[in-house]
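Along the sequence shown, residues are numbered consecutively beginning with 1.
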Amino acid sequence: MIMTSRFVFISCLLLFTAGLSKIHAFIAPTTTFAQQARTISTDLKMTVLTYNGKKKDFKPGSPLKDACASLGVKPKYSCKKGDCGSCTITVAGSRVKACVGKVPPEPRLKSLQEKGLEIK
């Protein structure tokens, strides 16, 4: 009698877990398509930098010295470690050392996104 009750219990447990797996197939995913698209689009944002009317897109966080070189800006380099400050340039009103600086993230203002951050 004890063997049959264990058998019945185990078979009921198996049927219950099989039923749960079928139910989980119909539950909606936790993230929607719009949320997934939003996270993908944030990865593709580029920062526009301008110099003497020349505009270029750069990936935020990339080295600023490479961005300056492709725009035609030639800051003076002395130590190439950021100690001396001879390579300091102005990006969107902020003073940044070009040898160790990174391209800033895209601004939130739409006018600045279109016009670009100016390098002086």
Side-chain angles (χ1 to χ4, degrees):
M1 190 71 163
I2 295 174
M3 274 311 256
T4 58
S5 64
R6 283 187 185 170
F7 178 73
V8 171
F9 176 73
I10 291 174
S11 61
C12 287
L13 185 64
L14 289 175
L15 287 173
F16 179 72
T17 56
L20 284 179
S21 64
K22 290 179 185 176
I23 291 171
H24 286 295
F26 294 107
I27 295 177
T30 56
T31 59
T32 63
F33 180 74
Q35 289 173 337
Q36 291 173 352
R38 210 174 305 127
T39 57
I40 291 170
S41 67
T42 57
D43 296 337
L44 302 176
K45 293 199 179 213
M46 302 290 275
T47 302
V48 178
L49 296 178
T50 60
Y51 178 72
N52 285 341
K54 188 176 183 183
K55 288 184 183 180
K56 279 200 172 183
D57 293 334
F58 297 99
K59 185 177 177 184
S62 61
L64 191 59
K65 63 181 175 181
D66 298 338
C68 288
S70 67
L71 282 172
V73 180
K74 296 179 182 178
K76 297 176 184 176
Y77 293 107
S78 182
C79 67
K80 297 188 180 183
K81 298 186 290 186
D83 291 338
C84 66
S86 64
C87 62
T88 304
I89 59 172
T90 303
V91 179
S94 300
R95 308 280 291 163
V96 182
K97 295 177 184 175
C99 62
V100 293
K102 304 288 181 191
V103 174
E106 182 182 32
R108 292 187 177 188
L109 291 175
K110 192 163 185 159
S111 61
L112 286 178
Q113 289 174 359
E114 295 169 357
K115 197 168 51 170
L117 301 176
E118 189 175 352
I119 293 180
K120 293 180 183 179

Could you report the tightest heavy-atom contact between [X] and [Y], atom names first, then the distance?
| X | Y | result |
| --- | --- | --- |
| Val103 | Lys59 | CB-O, 3.7 Å |
| Cys99 | Gly82 | SG-N, 3.3 Å |
| Lys55 | Thr50 | CG-CG2, 3.2 Å |
| Pro60 | Glu106 | CG-N, 4.4 Å |
| Pro107 | Leu117 | CG-CD2, 4.0 Å |
| Cys68 | Ile89 | SG-CD1, 3.4 Å |

Query raised in the report: Partners of Lys74 by salt bridge (charged side-chain N to carboxylate O under 4.0 Å, His left out), sequence neighbours excluded?
Result: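 Expected list: none.
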
Query raised in the report: Does any non-hydrogen side-chain atom of Lys120 lie less than 4.5 Å from one of Tyr51?
Result: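 With C-beta onward as the side chain, the pair stays apart.
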
Query raised in the report: Is there side-chain contact between Leu71 and Leu49, with at least one heavy-atom pair below 4.5 Å?
Result: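 A side-chain contact under 4.5 Å exists here.
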
Query - Atom pair SG (Cys87) and NZ (Lys81), whose distance is rounded to the nearest 0.5 Å - result: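 Interatomic distance, Cys87 SG to Lys81 NZ, rounded to 0.5 Å: 12.5 Å.
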
Query raised in the report: Taking atom CD of Glu118 and atom CG of Asn52, what is their separation to the nearest 0.5 Å?
Result: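 Reported to 0.5 Å precision, the distance equals 8.5 Å.
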
Query raised in the report: Does Lys76 have any side chain to side chain contact (heavy atoms under 4.5 Å, CB included) partners at least two apart in sequence or in another chain, and if so, which?
Result: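 Scan of Lys76 (side chain to side chain contact (heavy atoms under 4.5 Å, CB included), adjacent residues dropped) gives none.
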
Query raised in the report: Do Phe58 and Leu112 share a hydrophobic cluster (ILVMFWY, side-chain heavy atoms under 4.5 Å, transitive)?
Result: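 No.
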
Requested in this report: Determine whether the side chains of Arg95 and Thr90 contain a donor N or O and an acceptor N or O closer than 3.5 Å.
Outcome: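 Judged by distance alone, the side chains do pair up.
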
Query raised in the report: Is there a side chain to side chain contact (heavy atoms under 4.5 Å, CB included) between Lys102 and Ser62 once you walk through the steps?
Result: CA-CA 5 Å; Lys102 304 288 181 191; Ser62 61; over 6 Å; no

